[in-house]
*Asks:* 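My structure is below; once you've seen it, I'll send some questions.
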Amino acid sequence: MYLDALEFLEEERDAFRPFEALADLSDEQLSVAVEGAHGWSGRQLMGHLLAWQEVAVSVATELAVNETSPAKSRADSDWDTRGGDVVNAEIDARWAALPMDELRERFGSIPGQLRGYLTVVPESRWLKHPDHQRFFLTETTTHYEAHKDDLDAILAAAGR
């Protein structure tokens with residue numbers, strides 16, 4: 001699907017760019033639940049995306065030095081065993097407990113950390129590895145696309 005890592009990284013960067021508008025919302029705007037976003041607030045959307053990016057950072061960190069990733073195996077097993085609704089509800093609760101400043105700081109740093117770590121993972125371990133490539137797509141561009149309507153509704157509710 002991708003010829004090289006740069007192509008993937010550019011596509012991921014472009015796909016995430018619209019979500020950066022969430023950082024421009026006030027704390028109050030980020031706290032409003034929006035019906036058109038499945039009842040999520042901007043804060044919840046930020047936390048949800050970041051949680052899965054953090055998993056991807058862990059996987060990339062491990063793949064930088066190993067052929068396999070225990071973090072990926074754990075995340076896959078957890079999802080398969082307990083189901084997405086349970087896992088995502090726990091993510092929502094964990095990120096809701098963070099102070100807004102910390103959420104904003106992570107929102108400004110984790111996406112770049114992921115891109116940075118992916119630059120040091122040998123392409124054979126992620127880009128040219130069908131399962132790992134699918135994982136990184138699922139946690140990034142495909143995930144962003146799945147939440148684009150949520151983003152649009154949250155920004156519209158904030159008058160953006």
Side-chain angles (χ1 to χ4, degrees), residues 8-9 11-64 66 68-118 121 126 129 131-158 160:
F8 177 95
L9 293 168
E11 183 176 301
E12 186 280 334
R13 178 71 185 97
D14 289 344
F16 189 72
R17 189 168 280 118
F19 290 88
E20 293 172 350
L22 291 168
D24 295 331
L25 300 181
S26 68
D27 290 356
E28 287 179 6
Q29 290 170 318
L30 285 173
S31 299
V32 174
V34 177
E35 187 175 323
H38 305 100
W40 279 12
S41 66
R43 176 188 176 92
Q44 287 173 292
L45 179 58
M46 289 169 79
H48 178 78
L49 294 173
L50 288 172
W52 291 108
Q53 287 175 336
E54 278 191 337
V55 172
V57 167
S58 295
V59 172
T61 301
E62 292 171 348
L63 291 177
N66 296 303
T68 61
S69 167
K72 181 186 178 306
S73 296
R74 283 190 305 274
D76 289 347
S77 177
D78 192 34
W79 186 269
D80 293 342
T81 303
R82 298 186 318 127
D85 290 341
V86 172
V87 172
N88 280 325
E90 287 177 0
I91 286 170
D92 189 39
R94 186 170 62 247
W95 285 83
L98 286 180
M100 189 64 84
D101 289 345
E102 186 173 345
L103 176 70
R104 287 180 180 281
E105 186 278 322
R106 288 187 184 187
F107 194 73
S109 65
I110 290 171
Q113 287 175 9
L114 175 57
R115 291 179 206 111
Y117 278 107
L118 284 173
V121 177
W126 71 284
H129 188 288
D131 185 45
H132 294 161
Q133 183 189 88
R134 190 171 28 259
F135 168 81
F136 286 110
L137 282 169
T138 299
E139 304 312 334
T140 60
T141 56
T142 303
H143 199 203
Y144 310 154
E145 183 178 314
H147 290 293
K148 183 68 169 78
D149 289 343
D150 298 330
L151 172 66
D152 292 342
I154 289 165
L155 294 176
R160 304 284 174 123

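Keep in mind that the numbers below use all heavy atoms, side chains included, and drop hydrogens, waters and symmetry copies.
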*Asks:* So Phe135 and Val55, do their side chains get closer than 4.5 Å, heavy atoms only?
*Replies:* yes
*Asks:* May I ask you to say whether Asp152 pairs ionically with Lys148, meaning some side-chain N is under 4.0 Å from a carboxylate O?
*Replies:* yes
*Asks:* Report the C-alpha separation of Leu98 and Arg43 in whole Å, then their side-chain angles, then the decisive distance to 0.1 Å, and conclude whether the side chain to side chain contact (heavy atoms under 4.5 Å, CB included) test is met.
*Replies:* CA-CA 10 Å; Leu98 286 180; Arg43 176 188 176 92; 4.2 Å; yes
*Asks:* Considering only heavy atoms from C-beta outward, does the side chain of Leu63 approach that of Tyr117 to under 4.5 Å?
*Replies:* no
*Asks:* Rounded at 0.5 Å granularity, tell me how far NE2 in His38 sits from CG in Asp149.
*Replies:* 8.0 Å
*Asks:* Looking at Glu102 and Arg106, is there a salt bridge between them, counting it only when a charged N and a carboxylate O are closer than 4.0 Å?
*Replies:* yes
*Asks:* So, for Ala37 and Ile154, which heavy atoms are closest and what is the spacing to 0.1 Å?
*Replies:* CB-CG1, 3.8 Å
*Asks:* Specify whether Trp40 and His147 have parallel, tilted or perpendicular ring planes, treating 30° as the upper limit for parallel and 60° as the lower limit for perpendicular.
*Replies:* parallel
*Asks:* Using a 4.5 Å cut-off on heavy atoms from C-beta on, say whether the side chain of Asp14 contacts that of Arg17.
*Replies:* yes
*Asks:* Starting from the C-alpha separation in whole Å, work towards a yes-or-no answer on side chain to side chain contact (heavy atoms under 4.5 Å, CB included) for His48 and His143.
*Replies:* CA-CA 10 Å; His48 178 78; His143 199 203; 2.8 Å; yes
*Asks:* If you round to the nearest 0.5 Å, how far is CD of Gln29 from CG of Leu22?
*Replies:* 10.5 Å
*Asks:* Considering only heavy atoms from C-beta outward, does the side chain of Phe19 approach that of Leu45 to under 4.5 Å?
*Replies:* yes
*Asks:* Go through Trp52 and Val87 one step at a time and tell me if the side chain to side chain contact (heavy atoms under 4.5 Å, CB included) criterion holds.
*Replies:* CA-CA 11 Å; Trp52 291 108; Val87 172; 3.7 Å; yes
*Asks:* To the nearest 0.5 Å, tell me how far Leu151 CG sits from Arg160 CZ.
*Replies:* 12.0 Å
*Asks:* What's the spacing between Phe8 CZ and Thr140 OG1 if we round to 0.5 Å?
*Replies:* 3.5 Å
*Asks:* Decide side chain to side chain contact (heavy atoms under 4.5 Å, CB included) for Arg104 and Asp27; before the verdict, give the C-alpha distance in whole Å, the side-chain angles of both, and the deciding distance to 0.1 Å.
*Replies:* CA-CA 10 Å; Arg104 287 180 180 281; Asp27 290 356; 2.9 Å; yes
*Asks:* Hey, does Leu103 have a side-chain heavy atom less than 4.5 Å from the side chain of Leu50?
*Replies:* yes
*Asks:* Under 4.5 Å between any side-chain heavy atoms of Asp131 and Lys72, yes or no?
*Replies:* yes
*Asks:* Grab the two heavy atoms, one from Ala15 and one from Thr141, that are nearest each other, plus how far apart they are.
*Replies:* CB-CG2, 3.9 Å
*Asks:* I want to check something: taking the side chain as every heavy atom from C-beta on, are Leu155 and Leu25 in contact at a cut-off of under 4.5 Å?
*Replies:* yes
*Asks:* Just how far is it from atom CH2 of Trp126 to atom CG of Leu137, taken to the nearest 0.5 Å?
*Replies:* 8.5 Å
*Asks:* On a heavy-atom basis, which atom in Glu12 and which in Tyr144 lie closest, and how many Å separate them?
*Replies:* OE2-OH, 2.6 Å
*Asks:* Please give me the minimum heavy-atom distance between Val34 and Ala153, naming the atom from each residue.
*Replies:* CG1-O, 3.7 Å
*Asks:* Might you point out which heavy atoms bring Ser58 and Ala71 nearest each other, and give the distance in Å?
*Replies:* CB-CB, 3.9 Å
*Asks:* Between CZ of Phe16 and CZ of Arg13, what distance do you get to the nearest 0.5 Å?
*Replies:* 8.0 Å
*Asks:* Is there side-chain contact between Arg115 and Pro111, with at least one heavy-atom pair below 4.5 Å?
*Replies:* yes
